[in-house]
Each structure stands twice: as C-alpha cells, then as structure tokens.
A.B. asks: 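After the structure tokens below, expect a handful of questions from me.
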Amino acid sequence: MEEQILDQLYADMEVLEKENDMLPPVKRIKEASVPLLQWYRRHARTLPWRESPTPYHVWVSEIMLQQTRVEAVKAYYERFLAELSDIQALADVKDERLMKLWEGLGYYNRARNLKRAAEEAVLTYGGKLPDSYEELLKLPGIGSYTAGAVASIAYGIPVPAVDGNVLRVISRLLASTEDILKPSLKKKMEELLTEAMPKENAGDFNQALMEIGALVCIPNGQPHCGECPLRGLCLSNRYQKTDSIPVKTPKKSRRVQERTVLAVACGSEVLIHKRPDKGLLAGLYELPNTEGHLEKGQVYAYLGISEEDILVMERLPEAKHIFSHVEWRMTGYYIKLKEEWGKLRDSRDNLPGELVDKADAESRYALPGAFKAYVGYLFH
DNA sequence: AAGACGGGGAT
DNA sequence: ATCCCAGTCTT
C-alpha cells in the first residue's frame with residue numbers, strides 16, 4: 001500500500017519535471033519573473049543612483065557602470081553629480097575638468113560621449129533626455145543596453161537591458177550553450193526578453209536580472225544556487241551545468257610593448273604631454289614616453305637636449321602596466337634639467353611636451369594610472 | 001565579426 | 001596570471 005503511494009508520487013514528480021523541462025523559453029522567463037521580482041524587492045542594494053532615478057541620474061550611472069563594478073562607480077558618481085547636477089552643467093563643463101572627474105575610471109570616451117550627448121540634448125531635446133528607446137539609441141555612447149536601461153528604469157518603457165549579467169542569468173536559466181560573446185546571441189536574447197518580460201515592471205525586472213547576476217548567479221566562482229529564487233526553474237541548476245554555462249570563447253592574448261618613460265623636472269616645473277584625442281588614453285596627459293627601451297644617448301635625442309643641459313640623470317626601475325588589449329613593459333629615467341636652460345624659449349619649445357608648474361600638474365591635469373610608477377619621482 | 005578601449009578586485 | 005565587470009564604437 002505504502003509502496004503504491006510512493007510510486008505514484010515519483011510518477012507525478014516525473015511528469016512535473018518533464019513538464020518543467022518542456023517549458024518554452026518565453027514561458028520559463030515569464031514564470032521566473034514572479035519570484036525574481038519578489039526577490040528583488042527584498043534584496044535590492046541601496047545605491048546612490050537609485051535614490052532619485054531621474055533620467056539624468058540613471059543615464060550618468062549607466063554610462064559609468066559600463067564594464068565597471070558598482071563599488072568602483074559609487075564615489076565617482078557622487079562627486080560627478082555634486083559638480084554637474086544637471087544636463088546643462090554637463091554640456092557646459094570644460095573638457096579638461098571633465099577628464100579630471102573621470103580620471104581613473106577608464107574608457108575615457110564614455111565621458112566625451114556623455115558630454116556630446118548632453119550638448120545634443122540641450123540643442124535638440126530642450127535640455128532633457130529623449131523619452132523613447134529609439135531616440136536614446138541615437139545619442140553617442142548609448143547602445144542597446146544603455147538605451148534599454150534608461151528607457152525602462154527612468155521612463156518605465158518595457159524594453160530589455162541586456163548586459164553581461166543578463167546574458168549569464170538567462171543562459172543558465174535556459175541551459176543555453178550558445179556563445180554569449182557573439183553579438184548575434186545578444187540580439188536574440190533581446191528579442192526573447194522583449195516578448196517575455198513583464199510590461200508593468202520593466203525597470204525593476206531589468207534591474208532584478210542584473211542584481212541577481214551580481215549577487216547570486218555570479219560570474220567567476222560557484223553561483224549561490226541554494227539561495228536563488230529561480231532554482232526550481234533553472235535548467236542549468238537541475239542538470240548541474242552551472243560550471244559550463246555560460247559558454248564564452250576565449251579571447252586573444254594581449255600584445256606586449258616596451259616603452260621608455262621620462263620623468264623630467266626643471267626647477268619647480270615638470271614635463272607633461274597631452275596625448276592625441278584619438279586612441280588609447282585619448283586627450284589625457286602623460287609623462288613623455290616612447291616605444292622601445294632607450295639608452296641615454298637615445299633619450300637626449302628624443303628630448304632634443306644635449307648632455308650639458310642636464311643636472312641629474314638616473315635610471316628608474318622597470319614597471320609594468322596592463323591594459324585590456326596591450327601590456328606596457330616600461331623602463332624610465334629621472335632627469336633634472338639645468339634651471340637656466342629651462343628659461344630659454346627655444347629649448348622649451350623643442351621638448352616633447354610642456355613644462356608646467358609641479359603643483360598644477362597634480363591638481364589640474366588628468367594623468368592616468370599607467371604612469372603611476374614614475375610620477376612619484378616627479379612629485380615627491 | 002573582430003579589435004580598440006581602462007582599471008581594479010576576485011580567484 | 002586570468003577573468004570579467006550594469007558596453008560602445010570603429011574597422
């Protein structure tokens with residue numbers, strides 16, 4: 001008798017599991033949205049940009065959050081908003097000040113595009129951000145993710161915001177083995193979510209997916225499936241595939257470049273150089289540097305000086321800086337020029353950069369971290 | 001489709 | 001040392 005009951009129970013469970021397995025993706029996401037939103041209401045972090053989610057606030061935060069961790073963004077966001085509290089202020093900010101506010105955050109084109117978009121908002125949209133996904137998408141620096149995030153969070157428009165978190169969470173939920181680095185997969189995901197997402201709570205739904213990706217369905221270590229509200233619906237959890245999903249093709253290794261960095265002082269001044277406004281670290285300042293590991297003689301030639309112009313010259317230790325796509329292996333020289341030499345206009349003009357007051361160099365100009373190992377010799 | 005574009009924290 | 005982050009733009 002008892003055995004029969006158990007058999008029936010197992011049979012029922014099997015049917016239920018099979019039904020669960022057969023659930024089409026759209027329905028699976030729709031079912032997941034209920035416990036997901038419930039979970040989000042309890043676990044949403046308190047974040048500065050959530051206090052008053054105006055379009056401007058959401059926009060600035062989303063740009064800063066591109067490829068950047070929440071913890072890193074917080075302080076930058078507060079300082080940025082304190083100084084540039086509305087779109088007009090952003091449109092009016094001096095480029096140099098803008099870069100200083102962004103210094104250390106990386107991907108500096110984000111800041112330039114932010115200002116460009118603000119100028120366009122002032123010019124074309126009456127000083128406000130446009131209120132449709134399509135119009136947002138036209139602004140510089142706003143791609144499908146950011147347009148979706150601003151549209152849904154600030155305006156309540158039911159469009160998805162697919163970032164790395166969402167790609168990972170949904171891929172696991174559906175046990176999809178497609179490569180999430182492929183643009184085509186992201187597009188499919190956006191179409192799927194457009195159909196499956198709740199039309200009423202779009203902003204919360206999008207944020208909930210990202211939040212659960214950041215806190216539970218995490219990228220590197222083991223996901224915390226035990227505390228996941230979606231574990232009953234998650235096919236990767238059921239088939240123990242969270243180790244292999246999401247699938248990502250390995251990326252190419254970065255190239256290595258040798259460079260020589262020069263810490264040049266002359267009296268109370270130091271030598272800095274403005275980088276071109278395209279390419280790596282565009283528009284930021286740097287210590288003069290050039291490709292290759294230079295000997296002393298090559299350094300004189302590079303600086304356009306001769307040996308008798310120099311008061312002190314010493315070799316500095318090697319240093320390394322890693323960007324995402326290139327690695328700099330640097331060597332350096334500290335050079336103190338004779339003060340009287342620095343007073344000659346001709347000699348100053350031939351330098352690869354400009355001599356500026358030491359105190360100014362630190363407070364006014366954005367000097368990226370790549371030169372950290374060598375700026376110390378100049379300023380301290 | 002592939003590469004450029006930063007910096008830092010976790011493993 | 002490697003991964004990867006609330007991605008976008010250019011080639």
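Residue numbers start from 1 in every chain, and the chains themselves are labelled A, B, ... in the order their sequence lines are given, proteins ahead of strands.
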A.B. asks: What is the distance, to the nearest angstrom, from the CG atom on A:N109 to the C1' atom on C:dT10?
C.D. replies: 10 Å
A.B. asks: In whole angstrom, what separates A:D243's CG from C:dC3's P?
C.D. replies: 16 Å
A.B. asks: Should A:H325 be listed as having a side-chain N or O under 4.0 Å from OP1 or OP2 of B:dG3?
C.D. replies: no
A.B. asks: Select base, sugar-phosphate, or nothing to describe what A:Y107 touches, counting heavy atoms under 4.0 Å on all strands.
C.D. replies: base
A.B. asks: What's the closest nucleotide to the side chain of A:S184 if the choices are B:dC5, C:dC5, B:dA1?
C.D. replies: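 The closest nucleotide is B:dA1.
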A.B. asks: Tell me whether the side-chain N or O atoms of A:S324 pair up with the base of B:dG6 as donor and acceptor below 3.5 Å, since no angle test is needed here.
C.D. replies: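 Such a pair exists between side chain and base.
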A.B. asks: Among C:dA6, C:dC5, C:dC9, which is the nearest nucleotide to the side chain of A:N113?
C.D. replies: C:dC9
A.B. asks: Got a salt bridge between A:R364 and A:E96, using NZ or NE/NH1/NH2 to carboxylate O under 4.0 Å?
C.D. replies: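 Counted as a salt bridge, because a side-chain N and a carboxylate O are separated by less than 4.0 Å.
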A.B. asks: Ignoring backbone atoms, test whether A:N220 places a side-chain nitrogen or oxygen under 4.0 Å from the OP1 or OP2 oxygen of B:dA10.
C.D. replies: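 Negative; the distance criterion is not met.
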A.B. asks: NZ of A:K336: more than 12 outside heavy atoms within 6.0 angstrom?
C.D. replies: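 Yes.
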A.B. asks: Is the number of heavy atoms from other residues, nucleotides or ligands under 6.0 Å of A:R345 CZ greater than 12?
C.D. replies: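 Not buried by this count: 12 neighbours or fewer within 6.0 Å.
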A.B. asks: Aromatic ring centroids of A:W102 and A:Y76 under 6.0 Å?
C.D. replies: no
A.B. asks: Using whole Å, report how far CG of A:L105 lies from P of B:dG7.
C.D. replies: 10 Å
A.B. asks: Describe the nucleic acid contact of A:R275 in one word from base, sugar-phosphate, nothing, applying a heavy-atom distance below 4.0 Å.
C.D. replies: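 No contact.
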A.B. asks: How would you label the contact of A:K372 with the nucleic acid (heavy atoms, under 4.0 Å): base, sugar-phosphate, or nothing?
C.D. replies: nothing
A.B. asks: Between B:dG8 atom P and A:L65 atom CG, what is the distance in whole Å?
C.D. replies: 16 Å
A.B. asks: Under 4.0 Å between any heavy atoms, over every strand shown, what does A:R112 touch: base, sugar-phosphate, or nothing? Just pick one.
C.D. replies: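 Result for A:R112 = nothing.
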A.B. asks: Count the heavy atoms belonging to other residues, nucleotides or ligands that lie under 6.0 Å from NZ of A:K274, then report whether that count exceeds 12.
C.D. replies: yes
A.B. asks: With a 4.0 Å limit, can you tell me whether A:K186 has a side-chain N or O closer than that to the phosphate oxygens OP1/OP2 of B:dA1?
C.D. replies: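 Negative; the distance criterion is not met.
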A.B. asks: For A:I218 and B:dT11, give me the distance from atom CD1 to atom P, rounded to whole Å.
C.D. replies: 7 Å
A.B. asks: So, for A:F323 and A:W328, is the gap between ring centers shorter than 6.0 Å?
C.D. replies: yes
A.B. asks: Return the 5'-most residue of the pair A:G213, A:K278 with respect to DNA chain C, ranking by each residue's nearest nucleotide.
C.D. replies: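 Looking at the nearest nucleotide for each, A:G213 comes out on the 5' side.
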A.B. asks: In this structure, how many angstroms lie between the C1' atom of C:dC5 and the CD atom of A:E211, rounded?
C.D. replies: 14 Å
A.B. asks: Is it the case that B:dG6 (base atoms only) and A:T68 (side chain only) share a donor and an acceptor within less than 3.5 Å, ignoring hydrogens and angles?
C.D. replies: yes
A.B. asks: Using the C1' atom on both, measure B:dG3 against C:dA6 and round to a whole Å.
C.D. replies: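 Straight-line distance between the two C1' atoms is 22 Å.
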A.B. asks: Tell me whether the OP1 or OP2 atom of C:dC9 has a side-chain N or O from A:R110 closer than 4.0 Å.
C.D. replies: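 No, no such contact exists.
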A.B. asks: Would you mind telling me which of B:dG6, B:dA1, C:dA6 lies closest to the side-chain atoms of A:L47?
C.D. replies: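 Looking only at side-chain atoms, A:L47 lies closest to C:dA6.
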A.B. asks: Counting only heavy atoms not in A:E195, do more than 12 sit closer than 6.0 Å to its CD atom?
C.D. replies: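 Not more than 12 within 6.0 Å, no.
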A.B. asks: So, OP1 or OP2 of B:dG7: does either fall under 4.0 Å of a side-chain N or O from A:Y108?
C.D. replies: yes
A.B. asks: Counting distance alone, no hydrogens or angles: does the base of C:dC4 have a donor or acceptor under 3.5 Å from a partner atom on the side chain of A:R69?
C.D. replies: yes
A.B. asks: For A:T146, which contact category applies under a 4.0 Å heavy-atom criterion: base, sugar-phosphate, or nothing?
C.D. replies: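 Sugar-phosphate, no base atom in range.
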A.B. asks: How far, in whole Å, is C:dC3 from B:dG6 if one measures between their C1' atoms?
C.D. replies: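 One C1' to the other, the span is 15 Å.
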A.B. asks: A:Q257 CD to B:dC5 P: how many Å, rounded?
C.D. replies: 11 Å
A.B. asks: For A:E71 and C:dA6, give me the distance from atom CD to atom C1', rounded to whole Å.
C.D. replies: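 Taking CD of A:E71 and C1' of C:dA6, I get 13 Å after rounding.
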A.B. asks: Closer to the 5' end of DNA chain B via nearest nucleotide, is it A:A370 or A:P183?
C.D. replies: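 Whichever sits nearer the 5' end wins; that is A:P183.
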A.B. asks: Describe the nucleic acid contact of A:V166 in one word from base, sugar-phosphate, nothing, applying a heavy-atom distance below 4.0 Å.
C.D. replies: nothing
A.B. asks: Classify A:G104 by what it touches in the nucleic acid, base, sugar-phosphate, or nothing, heavy-atom distance under 4.0 Å.
C.D. replies: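 The residue A:G104 makes sugar-phosphate contact but no base contact.
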A.B. asks: Assign A:L281 to base, sugar-phosphate, or nothing according to its heavy-atom contacts below 4.0 angstrom with the strands shown.
C.D. replies: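 Sugar-phosphate, backbone atoms only, no base.
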A.B. asks: Check every atom of C:dC9, C:dG7, B:dG6 against the side chain of A:L280 and return the nucleotide holding the closest atom.
C.D. replies: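 That would be B:dG6.
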A.B. asks: Compare side-chain N and O positions of A:Q67 against OP1 and OP2 of C:dG7 and report whether any pair is under 4.0 Å apart.
C.D. replies: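 Yes, within the criterion.
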